[in-house]
Participant: 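One structure, as structure tokens, below. Some questions next.
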Amino acid sequence: MKRVLSGIQPTGSLNIGTYLGSVKNFVKLQDTMPDYEFFIFIADLHAITVPKDKQLLRNKIRELAALYIACGLRPDRVNLYIQSEIPAHSQLAYLLQCNSYIGELERMTQYKEKSRKQETGVTVGLFTYPTLMAADILLYDPEFVPVGVDQKQHLELTRDIAQRMNNKFNDIFTVPNPLIAEVGAKIMSLSDPTSKMSKSDANEKARINLLDPENIIKKRIKSAVTDNLGTIKYDPENRPGISNLMTIYSVITNKSFDSIEESYEGKGYKEFKEDLGEIVFQELKPIQERYYELINSSELDDILDKGRDVAAKVAFKKIMKLNDRIGLGRKRRK
Ligand code: ATP
Ligand code: LTN
């Protein structure tokens with residue numbers, strides 16, 4: 001069966017920007033691509049390329065897994081697993097490192113940016129991150145890998161490495177294609193609508209996290225920056241604040257900007273924001289309810305166990321095949 005694969009790092013908290021811009025899309029793909037098998041994993045090994053607190057990391061891994069299921073990833077369609085529970089990821093990463101060049105890793109923008117920000121203690125893990133990412137992908141021979149634009153360069157490197165390995169080791173890997181989300185909704189910060197809503201923004205007021213309680217959700221919308229024109233009109237160039245709120249409204253309700261404008265003609269921000277607060281709350285309520293059901297349940301462990309078992313089998317087979325083609329260990333008896 002053809003496959004789609006992606007990984008998510010367990011850092012920060014999921015907010016409505018990531019949810020509306022990415023997770024919701026992902027949930028849609030599982031239904032619109034019925035001929036494909038889905039592999040989605042929590043990239044915890046990637047998270048430790050920069051130092052992490054033990055308890056926080058543990059909690060984030062589980063939180064993210066529960067949230068993805070709560071947002072609608074269906075365990076019968078998706079193999080959801082935790083990267084570090086499958087040793088083949090680290091094994092293949094090493095084998096790929098022996099077939100990658102320092103020069104090509106030095107060219108990676110994310111490495112350049114992250115290592116520049118962190119003046120001392122830049123780890124080898126941060127440097128070799130793209131070869132681990134390539135391993136995550138190539139183990140499973142996916143045809144498509146949905147990622148944000150920021151990961152496109154890593155995907156290109158993965159393709160280069162796959163082709164190089166294919167030349168050396170007799171077409172061992174499928175060369176994957178990036179599936180860059182078509183520019184869907186980009187949700188902006190609630191306190192500065194000219195920059196993206198982001199989990200690393202120090203200002204809490206800038207975002208709504210998926211697990212925020214009702215009063216916080218409504219408070220954040222109420223205090224969202226707009227302008228002093230007071231009319232509900234979509235004009236992202238000149239009126240980014242209200243346009244951003246309208247985008248959130250539109251993505252959740254599937255209403256066009258025209259019809260939103262129409263229903264708020266003659267009404268002001270107060271009424272619009274009250275409605276939007278309720279709309280966002282109603283969207284997040286079932287997600288939160290499902291999340292709290294899952295987070296301490298054995299159901300979540302069963303989902304992650306099943307995902308791990310399916311993925312581990314595929315991954316182990318690939319490692320054995322590659323070891324054999326490289327000439328490692330003893331020759332396998334047929
Ligand atoms: P950081 O704050 O570290 O930059 P982030 O909040 O941008 O992180 P990521 O984990 O890098 O989140 O993003 C995961 C996915 O969600 C990416 O595909 C990204 O394009 C998408 N995404 C993140 N924030 C938004 C947003 N505000 N609007 C639309 N899509 C978003
Ligand atoms: N590097 C990615 C997360 C990631 C990933 C992957 C995505 C790790 N391994 C494999 C797709 C396929 C990120 O930081 N968003």
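Reckoned from all heavy atoms, side chains included, excluding hydrogens, waters and symmetry mates. Whatever order the structure lists ligands and atoms in, that order sets their numbers, starting from 1. All values derive from a computational prediction rather than experimental measurement.
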Participant: Could you tell me whether some N/O pair between Gln110 and ligand 2 is separated by less than 3.5 angstrom?
Facilitator: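 No, there is no polar N/O contact under 3.5 Å.
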Participant: Is there a polar contact, in the sense of an N or O pair closer than 3.5 Å, between Asp136 and ligand 2?
Facilitator: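 Between Asp136 and ligand 2 (N or O atoms, distance only) the closest approach is under 3.5 Å.
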Participant: Will you find, in the side chains of Ser13 and Asn209, an N or O donor that is under 3.5 Å from an N or O acceptor?
Facilitator: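 Short answer, no.
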Participant: Just to be sure I read this right, does ligand 2 sit under 4.0 Å from the backbone of Asp150, its side chain, both, or neither, counting only heavy atoms?
Facilitator: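 Neither part.
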Participant: Hey, which atoms in ligand 2 end up nearer than 4.0 Å to a heavy atom of Val145?
Facilitator: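 Heavy-atom distances to Val145 below 4.0 Å select 11 (C), 12 (C).
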Participant: With nothing but distance in play, are any N or O atoms of Tyr129 less than 3.5 Å from an N or O of ligand 2?
Facilitator: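 Between Tyr129 and ligand 2, an N or O pair is found under 3.5 Å apart.
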Participant: Write down the atom of Lys321, the atom of Ile172, and the distance for their closest heavy-atom approach.
Facilitator: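 Lys321 and Ile172 have their closest heavy atoms at CG-CD1, 3.9 Å.
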Participant: Heavy-atom distances under 4.0 Å decide this one: backbone, side chain, both or neither, for Gln151 against ligand 2?
Facilitator: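 Gln151 to ligand 2: side-chain contact only, backbone stays beyond 4.0 Å.
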Participant: Below a 4.0 angstrom heavy-atom separation, can you tell me which part of Leu132, side chain or backbone, both or neither, approaches ligand 2?
Facilitator: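 No part of Leu132 comes within reach of ligand 2.
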Participant: If we count only N and O atoms by modelled type, under 3.5 Å, do the side chains of Arg239 and Thr231 hold a donor and an acceptor together?
Facilitator: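 Looking only at side-chain atoms, Thr231 and Arg239 do form a donor-acceptor pair, the distance falling under 3.5 Å.
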Participant: Examine the side chains of Thr194 and Asp192 and answer whether a donor and an acceptor come within less than 3.5 Å of each other.
Facilitator: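 Asp192 and Thr194 do have a side-chain donor-acceptor pair below 3.5 Å.
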Participant: Quick check: is Phe316 connected to Leu328 through a chain of hydrophobic side chains (ILVMFWY, heavy atoms under 4.5 Å apart)?
Facilitator: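 No, Leu328 does not connect to Phe316 through the hydrophobic network.
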Participant: Strictly by ring pair (Phe, Tyr, Trp, His ring centres under 6.0 Å), give each pair with a member in residues 274-299 just once, sequence neighbours left out.
Facilitator: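 Counting only pairs at least two positions apart or across chains, no ring pair (Phe, Tyr, Trp, His ring centres under 6.0 Å) contact touches residues 274-299.
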Participant: Report the part of Phe41 (side chain from C-beta onward, or backbone N, CA, C, O) that has a heavy atom under 4.0 Å from ligand 2; answer both or neither where that applies.
Facilitator: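 Contact part for Phe41 vs ligand 2: side chain (C-beta onward).
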